Amino acid sequence: MDADAADVLHNDELPRYLIKVRLTLWTMSGMVPDSTYVDAPMGDTLVLSEVAWLARRVPVSTAWVDFWSVEEGDWRLERLVNLSFDVSNTSPAFLMRLQGTKHCPTLGNELKLVELAAFNTDHDDLPKIEKVVLPKVARAHILTITAWNENVTSHARRFEVNVGPRAHVRLADHAEVIKHLREDPQGGEPKAITHVKRWDNELCKWKLQDINRVFVFDGKSRLLLVRHDQNRLPIGLAKEIARAEHIVAARRLGGSVQDDVEVIDLAASDDTAVAADEEVRVVKRKRTSTSEHDGKA
């Protein structure tokens, strides 16, 4: 072990536990992202603009990126030079896309690590989505709505509603969906709502939606994700986004659509070795030092 590596592992004469952090970057709409793993000591601060893997892909001094904010449950625009985060077992992944990038293929799979860390649980332990059976209608006129109410510890409900042959919908027309969204987390009287957040499959972000206004939904997936405005960490969002991507891909290729889509376990991948020339600069809380780690371009 070289001196720099020893310093990382034994800073302040205490064992330093390394966290394998996955960095994912979309540089162009509709293209799969670049990703890598970097080893960073638990409790330290990882400065993203000083990661050589990123510096080889974007002009770090001037680049603006959207990064996925767990607190907001959505993208937040920020200058790359201002981005850093404390390394812990709840920060195993950091998702970014260059300013102006919209459609982000495989976002559902990438969000899985963020979601599992936020809930500090295994994927199989997350509450399952409850399917609400409504009166049967012609399959060609079905829109599947997955809805999360204000209760951040509750699972979503999946509704199949009749929207007719046109790709238009008004949420207020579907009483069971609105009833679920109005539920009080404390068990009190249903709350009045006028707007919800609606997931845009093309822009890969949440949009504010008036429940009384008609809008055009994604006719390719015929899957609509909505959440209460106060529920910024909807349980199972990663799997639902992956499901929408699967449906669109299967229909494009003329294949069958599976009702339950497996989300790839990125954390369990054996392909985590990184090239020896990768540098990751970690700013210590008590002092700053530069360390070389293995990385994968």
Side-chain angles (χ1 to χ4, degrees), residues 70 72-75 107-108 111-112 114-115 118-119 123 126-137 139 141-164 166-248 257-261 263:
V70 175
E72 298 178 15
D74 205 349
W75 300 104
L107 176 61
L111 271 176
K112 180 188 174 183
V114 178
E115 181 177 272
F119 290 104
H123 184 77
L126 294 178
K128 301 300 185 289
I129 290 178
E130 175 186 346
K131 185 174 181 179
V132 179
V133 180
L134 298 177
K136 297 292 183 183
V137 294
R139 297 303 303 175
H141 299 166
I142 284 291
L143 171 66
T144 300
I145 301 178
T146 300
W148 290 267
N149 60 23
E150 189 178 356
N151 190 348
V152 296
T153 63
S154 176
H155 52 67
R157 288 184 184 172
R158 185 179 293 159
F159 304 83
E160 292 186 345
V161 302
N162 182 12
V163 293
R166 299 170 60 192
H168 294 78
V169 67
R170 190 175 80 111
L171 289 171
D173 292 337
H174 303 286
E176 291 298 320
V177 178
I178 298 301
K179 178 182 178 182
H180 171 63
L181 290 167
R182 293 181 60 199
E183 287 182 3
D184 183 355
Q186 307 302 323
E189 290 295 318
K191 296 183 176 182
I193 59 170
T194 58
H195 294 77
V196 295
K197 286 297 182 74
R198 169 174 63 90
W199 182 257
D200 189 310
N201 287 325
E202 288 301 315
L203 300 180
C204 288
K205 65 177 298 181
W206 293 106
K207 299 177 69 175
L208 191 64
Q209 178 63 50
D210 186 332
I211 65 172
N212 290 300
R213 295 196 64 174
V214 175
F215 63 91
V216 178
F217 62 84
D218 181 4
K220 296 177 182 178
S221 70
R222 299 189 74 84
L223 174 62
L224 177 64
L225 310 181
V226 297
R227 65 171 174 85
H228 191 285
D229 187 38
Q230 297 304 311
N231 188 344
R232 298 183 177 182
L233 195 62
I235 297 175
L237 175 63
K239 192 167 187 177
E240 287 301 292
I241 293 176
R243 182 170 180 266
E245 291 177 335
H246 162 74
I247 292 172
V248 172
V257 176
Q258 301 176 18
D259 184 61
D260 197 18
V261 180
V263 178

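Side chains included, hydrogens not; waters and symmetry mates left out as well; all remaining heavy atoms used. Quick caveat, the model's predicted, so the values are computed rather than measured.
- For the salt bridge (Lys or Arg N to Asp or Glu O under 4.0 Å) test, residues two or more places apart in sequence or in another chain that qualify with D229 are K197.
- Ion pairing of E115 with K239 is absent here, as no side-chain N (NZ or NE/NH1/NH2) approaches a carboxylate O to less than 4.0 Å.
- Every residue was checked against the salt bridge (Lys or Arg N to Asp or Glu O under 4.0 Å) condition with D210, not counting sequence neighbours, and none meets it.
- For the side chain to side chain donor-acceptor pair (under 3.5 Å) test, residues two or more places apart in sequence or in another chain that qualify with D173 are R170.
- Counting only heavy atoms from C-beta outward, the side chains of N212 and T194 never approach each other to under 4.5 Å.
- Taking the side chain as every heavy atom from C-beta outward, R243 and H246 never approach each other to under 4.5 Å.
- For E202, there are no salt bridge (Lys or Arg N to Asp or Glu O under 4.0 Å) partners at least two apart in sequence or on another chain.
- Applying the ring-ring contact (aromatic ring centres under 6.0 Å, His included) test to every pair with at least one member in residues 206-239, sequence neighbours left out, gives these pairs: W199-W206.
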For residues 178-185, which side-chain donor-acceptor pairs fall under 3.5 Å, sequence neighbours excluded?
{"unit_1": "H180", "atom_1": "NE2", "unit_2": "A147", "atom_2": "O", "d": "3.0"}
{"unit_1": "R182", "atom_1": "NE", "unit_2": "K191", "atom_2": "O", "d": "2.9"}
{"unit_1": "E183", "atom_1": "OE1", "unit_2": "N149", "atom_2": "ND2", "d": "3.1"}
{"unit_1": "E183", "atom_1": "OE2", "unit_2": "R157", "atom_2": "NH1", "d": "3.4"}
{"unit_1": "D184", "atom_1": "OD1", "unit_2": "Q186", "atom_2": "N", "d": "3.0"}
{"unit_1": "D184", "atom_1": "OD2", "unit_2": "G188", "atom_2": "N", "d": "3.2"}

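- Summarising the geometry, atom CG belonging to L111 is positioned 6.0 Å from atom CG belonging to L237; distances are rounded to the nearest 0.5 Å.
- In this structure the side chain of H168 reaches within 4.5 angstrom of the side chain of V216, judged on heavy atoms.
- Shortest non-hydrogen contact noted between W148 and G236 is CZ2-C, 4.1 Å.
- Across L171 and I145, no two heavy atoms sit closer than the pair CD2-CD1, 4.2 Å.
- With sequence neighbours excluded, the residues satisfying side chain to side chain donor-acceptor pair (under 3.5 Å) with R198 are Q209.
- Annotation: the span from K207 atom NZ to D200 atom CG amounts to 5.0 Å, rounded to 0.5 Å.
- Two residues are said to be in side-chain contact when any heavy atoms from C-beta on lie closer than 4.5 Å; T144 and R158 meet this criterion.
- The closest side-chain heavy-atom distance from V163 to R222 is below 4.5 Å.
- Note: I142 CD1 to N162 CG = 6.0 Å, rounded to the nearest 0.5 Å.
- The minimum heavy-atom distance linking L223 with L143 is given by the pair N-CD1, 3.9 Å.
- C204 and W75 make their closest contact through O-NE1, 2.7 Å (heavy atoms, listed as atom of the first residue, atom of the second, distance).
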